[in-house]
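Source: prediction; values computed, not measured.
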Amino acid sequence: MEQPPTGGGAGARVLVVDDDPTVAEIVTGYLDRAGYVVDRAGDGPDALARAAAHRPDLVVLDLMLPGMDGLEVCRRMRGQGPVPVIMLTARGDEDDRILGLEVGADDYVTKPFSPRELVLRVGSVLRRARPAGDASGPGAGSGVLRAAGLTADPEARRAVKNGAELALTVREFDLLAFFLAHPGRAFAREELMREVWGWDFGDLSTVTVHVRRLRGKVEDDPARPRLIRTVWGVGYRFDPATTEEG
């Protein structure tokens with residue numbers, strides 16, 4: 001049996017939401033041994049109640065919950081404030097994974113999964129979400145990034161557009177900070193997945209969905225993006241000059 005990573009949780013609170021008690025017990029055990037404080041919920045209403053009572057630092061959320069599904073739980077939790085979410089989805093359900101990303105999940109893991117991999121994903125998302133003093137993640141340590149009316153502060157994990165703060169998920173912030181740090185350069189989706197997500201392989205629709213969501217928050221007209229340009233046959237390019245000149 002594979003051994004869980006140990007000692008990386010530093011007391012962060014993780015809410016595990018899964019109606020399968022066996023899965024929930026295994027995941028909880030691995031997270032507990034890795035140093036996390038773990039709460040468990042078996043359905044959507046229970047998850048929302050536990051999150052309201054003790055705000056988690058991260059939620060591991062099964063998509064296929066009875067009654068209120070994971071998508072609705074994610075929407076309602078996000079309505080109470082920002083919280084990183086890792087969605088658990090069935091293998092091969094690409095539409096479900098995309099829906100999860102569309103409602104703001106920061107990451108997803110397909111079932112059946114390695115509990116050790118899930119613990120490592122939890123640590124990765126939490127490190128990127130941690131404000132002030134976190135030395136990891138795109139743009140970390142590079143100071144405040146500014147272009148085309150956008151500002152991203154990697155230490156404070158705060159992004160602003162024309163003076164108004166943007167409500168970004170962990171991955172959306174990482175993607176914006178990366179684009180701001182590399183203006184004018186085209187990146188393939190594979191490169192963005194490696195540099196922003198830290199994955200050497202994975203479902204490239206993850207990148208596509210996050211670019212679409214980010215455009216919806218930073219572009220004046222997301223249907224005609226002028227900042228995050230599609231470079232056909234390549235990927236995407238952050239092009240602040242088009243707005244600054246116009």
Side-chain angles (χ1 to χ4, degrees), residues 74 78 82 84-87 89 94-110 121 124-125 127-129 134 136-154 157-162 164-246:
C74 186
R78 282 279 164 73
V85 175
I86 296 179
M87 196 79 78
T89 68
E94 182 177 355
D95 290 344
D96 286 342
R97 291 201 300 273
I98 291 175
L99 279 173
L101 295 169
E102 288 281 14
V103 299
D106 297 284
D107 204 345
Y108 68 87
V109 175
T110 56
R121 292 282 186 95
S124 173
V125 173
R127 281 193 302 274
R128 291 172 181 271
D134 179 12
S136 64
S142 60
V144 177
L145 303 163
R146 294 184 177 89
L150 295 169
T151 302
D153 185 340
R157 302 291 297 184
R158 182 171 182 263
V160 173
K161 176 186 177 183
N162 296 328
E165 188 160 356
L166 297 171
L168 303 180
T169 68
V170 173
R171 299 296 189 187
E172 289 166 1
F173 181 90
D174 289 342
L175 188 58
L176 175 61
F178 186 81
F179 278 136
L180 286 170
H182 301 88
R185 178 178 168 186
F187 290 93
R189 291 189 299 169
E190 293 87 349
E191 290 180 285
L192 292 171
M193 178 163 283
R194 183 171 60 251
E195 297 294 335
V196 177
W197 277 258
W199 303 351
D200 289 324
F201 59 90
D203 184 352
L204 294 179
S205 64
T206 300
V207 177
T208 306
V209 170
H210 276 81
V211 167
R212 181 162 64 244
R213 285 180 56 84
L214 184 58
R215 281 172 167 166
K217 297 177 180 182
V218 305
E219 297 281 2
D220 293 332
D221 181 359
R224 295 179 175 81
R226 300 184 64 190
L227 287 171
I228 304 174
R229 301 277 191 150
T230 298
V231 182
W232 297 109
V234 180
Y236 303 101
R237 182 184 68 240
F238 180 68
D239 199 359
T242 56
T243 58
E244 290 171 353
E245 290 173 359

Can we say Asp106 and Arg78 salt-bridge, meaning some charged N sits less than 4.0 Å from an Asp/Glu carboxylate O? yes
How far does OG1 of Thr230 sit from CZ of Arg237, to the nearest 0.5 angstrom? 9.5 Å
Report the residues that fulfil salt bridge (Lys or Arg N to Asp or Glu O under 4.0 Å) with Glu191, sequence neighbours left out, ordered by chain and then residue number. Arg185
Look up atom CG in Leu192 and atom NE2 in His210, then write down how far apart they are to the nearest 0.5 Å. 12.0 Å
All salt bridge (Lys or Arg N to Asp or Glu O under 4.0 Å) counterparts of Arg215, not counting sequence neighbours: none
Taking Glu219 for the side chain and Leu227 for the main chain, is one N or O donor matched with an acceptor at less than 3.5 Å? yes
dist Tyr236:OH -> Arg189:CZ (nearest 0.5 Å) comes out at 6.0 Å
Are any non-hydrogen side-chain atoms of Leu176 and Ile228 less than 4.5 angstrom apart? no
Shortest non-hydrogen separation from Asp153 to Phe173 and the atoms involved: O-CZ, 3.4 Å
If you take all heavy atoms of Thr169 and Glu172, which pair is closest and at what distance? N-OE1, 3.0 Å
As an exercise, state the distance from NZ of Lys217 to CG of Leu150, rounded to the nearest 0.5 Å. 13.0 Å
Could you tell me whether Arg157 and Asp174 make a salt bridge, using a distance below 4.0 angstrom between a side-chain N and a carboxylate O? yes
How far apart are the closest heavy atoms of Leu180 and Ala147, and which atoms are they? CD2-CB, 3.8 Å
Using 30° and 60° as the class limits, which term best fits the ring planes of Phe238 and Phe179: parallel, tilted or perpendicular? parallel
Within this structure, what is the CZ-CG distance for the pair Arg158 and Leu168, rounded to the nearest 0.5 Å? 11.5 Å
Could you report the tightest heavy-atom contact between Pro154 and Ala152, atom names first, then the distance? CD-O, 3.4 Å
I need the Phe187 CZ to Glu195 CD distance, nearest 0.5 Å. 7.0 Å
Within the 4.5 Å heavy-atom criterion, are Arg226 and Asp220 side-chain neighbours or not? no
Under 3.5 Å donor-acceptor, Arg171 side chain and Asp107 backbone: no
